[in-house]
Amino acid sequence: MTIPQYDNLAAALQGICQAWCNTQGYSNPFRKDGEWWAFPPNGVIPVQIKTVMGETSHRLVKIDSLTLALFPDGSLVRKSTVRKSTDCQSTDCKSTDRKQATEET
């Protein structure tokens, strides 16, 4: 399992959001008022990613030596609910407990 490496939290959030959009067929992700939005497949009106993402759509990322589990809307998986890395498939983990990450823009 290869965990993507990022320079900072902002880059990790953008990378995870873009990766989710690519796999789900969404396009042009952007942040507005602290929320991630994207255009659905064949759609002309963007939707908030948090309203359409699945409960298992989070992925592991590395920022320096820190490993985090992030949802594509910028939420963090709480440490108490993250299973050991051997319980994660690929870079996806299995937990639904979330906490919103903050980002300076």
Side-chain angles (χ1 to χ4, degrees):
M1 166 178 69
T2 302
I3 300 173
Q5 178 80 39
Y6 295 95
D7 293 331
N8 55 50
L9 181 58
L13 292 172
Q14 183 174 2
I16 292 302
C17 181
Q18 185 65 57
W20 179 87
C21 287
N22 292 344
T23 61
Q24 300 300 317
Y26 284 69
S27 62
N28 303 329
F30 63 94
R31 273 183 66 90
K32 180 179 178 186
D33 299 326
E35 300 285 345
W36 280 98
W37 296 70
F39 291 88
N42 302 316
V44 295
I45 299 174
V47 296
Q48 283 184 315
I49 291 177
K50 73 178 180 181
T51 64
V52 293
M53 67 181 191
E55 293 179 350
T56 60
S57 60
H58 42 286
R59 297 173 184 253
L60 294 175
V61 297
K62 286 188 74 101
I63 302 170
D64 293 323
S65 62
L66 179 66
T67 301
L68 300 171
L70 297 174
F71 284 96
D73 72 336
S75 300
L76 292 171
V77 177
R78 290 188 181 146
K79 180 181 177 184
S80 63
T81 62
V82 175
R83 297 177 185 202
K84 293 180 182 177
S85 61
T86 56
D87 291 344
C88 295
Q89 297 176 0
S90 177
T91 54
D92 294 333
C93 292
K94 297 179 179 176
S95 173
T96 57
D97 200 6
R98 307 180 327 184
K99 182 176 181 181
Q100 186 70 29
T102 57
E103 167 187 349
E104 292 293 323
T105 56

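Quick note: residue numbers are just sequence positions, from 1.
Of all heavy-atom pairs spanning Gln48 and Thr51, the tightest one is O-OG1, 2.6 Å. Shown here for Ala38 and Cys21, the closest heavy-atom pair between the two residues is CB-SG, 3.7 Å. Here the shortest heavy-atom pairing between Pro41 and Gln24 reads CG-O, 3.7 Å. When all heavy atoms of Pro29 and Cys17 are compared, the closest pair comes out as CB-SG, 3.6 Å. Closest approach of Phe71 and Ser57 over heavy atoms only: CD2-OG, 3.9 Å. Contact record, Gly34 with Arg31: CA-NH2, 3.2 Å, taken as the closest heavy-atom pair.
Going from atom OG1 of Thr23 over to atom CZ of Arg59 covers 5.5 Å, rounded to the nearest 0.5 Å. Atom-to-atom distance recorded for Ile16:CD1 and Ser75:OG is 12.5 Å, nearest 0.5 angstrom. For the atom pair Leu60 CG and Thr67 OG1, the distance stands at 7.0 Å (nearest 0.5 Å). Remark: Lys62 NZ to Gln5 CD distance equals 6.0 Å, nearest 0.5 Å. Note that NE2 of His58 is 11.5 Å distant from CG of Asp73, once rounded to the nearest 0.5 Å. Here Ile63 contributes atom CD1 and Leu13 contributes atom CG; the two are 7.5 Å apart, rounded to the nearest 0.5 Å.
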Let me see the working for Phe30 and Trp36 under ring-ring contact (aromatic ring centres under 6.0 Å, His included), right down to the final yes or no. CA-CA 6 Å; Phe30 63 94; Trp36 280 98; 8.3 Å; no
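Applying the ring-ring contact (aromatic ring centres under 6.0 Å, His included) test between Tyr26 and each of Trp20, Phe39, Trp37 identifies Trp20 as the sole match.
Between Leu68 and Leu9 there is a side-chain heavy-atom pair separated by less than 4.5 Å.
Side chain of Asp64 to main chain of Leu66: no donor-acceptor pair is present (N/O by atom type, distance under 3.5 Å, no hydrogens or angles).
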